[in-house]
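One structure is given here, and the rest of the page talks about it.
Bear in mind the structure is a predicted one, so any value in this text is a computation, not a measurement. Each ligand, and each atom within it, is numbered from 1 in the order the structure gives.
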Amino acid sequence: MAENEITLKIQRFDPTMDSEPYWQSFKVGLKPSMTVLDALFEVLNHQDGSLAFRFCCRAGVCGSCAMVIAGKVRLACETQIATLLDKDEICLSPLPHQKVVKDLAVDYDLFFERLKRVKPYLVGKEPYPEKEYIQLPKERVPINEPIDCILCGSCTSACTMAWTNRDYLGPAALLKSYRFLADTRDTLKHERLDIVESESGVWRCHTQFNCVEVCPRKLNPTEAIQRQKIAAFKRKLFGRKRKG
Ligand code: FES
């Protein structure tokens, strides 16, 4: 391989034509500050216009470009090729255990279905304030991290419980539910707890930390799940009226 080029080994699969996935290699000329997403565009624009992958912001914000890069789940737009030059070839494959739409693009329908079930929006106190709900800096602390989730789906695709149980809400949705449960401006506490402690909620988590390992934003869905277990447990233990 020439010094100024790299080989991308890409998993290809078009469910309308292929019976199973296969690998295809492309040589790409290196450019300064080139990301994996830039390299994919080199292939798309100059070698194979049929290559499919997702992207939008190209700045690590939208979460669209999550994929497996050299054996790890990462964002293609944030991964510098220069950090992978110790490898002979850079293997790229779609997020694991997701339905592949084509090549590196996976189907997010189930992911967003799970997210919708936790009511991912703030329901504030009425009457609504004329300007905004006031929140003290210390009240904001618990949601400082969860609010940064970019919904890339990496955590849910790494969660073995989410692979085997389509009903399980999974780490991304449960991180989102914690984000609102911990928000002092929200009023749906009991409704949210009912959802997270249901059959498909927090008790399905086996605390494997896979979600934490793969999160490109370094968030901690496992911690959010455990905090919701504690909240649900406390409600059960202390929320009932004593008899007699
Ligand atoms: Fe938006 Fe990568 S393209 S996070």
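Set against the non-hydrogen atoms of Cys77, the atoms of ligand 1 under 4.0 Å away are 2 (Fe), 3 (S), 4 (S). Proximity to Cys62 (heavy-atom distance under 4.0 Å) selects the following atoms of ligand 1: 1 (Fe), 3 (S), 4 (S). When each atom of ligand 1 is checked for a heavy atom of Val61 under 4.0 Å away, the hits are 4 (S). Listed by number with element, the atoms of ligand 1 under 4.0 Å from a non-hydrogen atom of Gly60 are 4 (S). Atoms of ligand 1 found under 4.0 Å from any heavy atom of Cys56, numbered from 1 in the order shown, are 3 (S).
Residue contacts with ligand 1, taken as heavy atom pairs separated by less than 4.0 Å, involve Cys57 via backbone and side-chain atoms alike. Contact annotation: for Ile150 versus ligand 1, there are no heavy atoms closer than 4.0 Å.
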- prompt: Does the side chain to side chain contact (heavy atoms under 4.5 Å, CB included) test come out yes or no for Asp183 and Glu139, once each step is laid out?
  reply: CA-CA 8 Å; Asp183 194 317; Glu139 291 174 332; over 6 Å; no
field: Intermediate values then yes/no, salt bridge (Lys or Arg N to Asp or Glu O under 4.0 Å), Arg117 and Asp167
entry: CA-CA 10 Å; Arg117 281 162 53 205; Asp167 282 338; 5.0 Å; no
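Side-chain contact check for Thr160 versus His206: every heavy-atom pair is 4.5 Å or farther apart. Contact of the Leu84 side chain with the Val36 side chain is registered, since non-hydrogen atoms from C-beta on lie closer than 4.5 Å.
Nearest protein neighbour of atom 4 (S) of ligand 1, counting heavy atoms only, is Gly63 N, 3.2 Å. Scanning all protein heavy atoms for the shortest distance to atom 3 (S) of ligand 1 gives Arg58 N, 3.2 Å. Protein heavy atom at the shortest distance from atom 2 (Fe) of ligand 1 is Cys65 SG, 2.3 Å.
Tyr108 and Phe112 have tilted rings, their planes meeting at an angle from 30° to 60° on a 0 to 90° scale.
Remark: the Gln135 side chain and the Arg140 side chain contain no N/O donor-acceptor pair separated by less than 3.5 Å.
Residues that satisfy the ring-ring contact (aromatic ring centres under 6.0 Å, His included) test with Phe55, not counting sequence neighbours, are Phe41.
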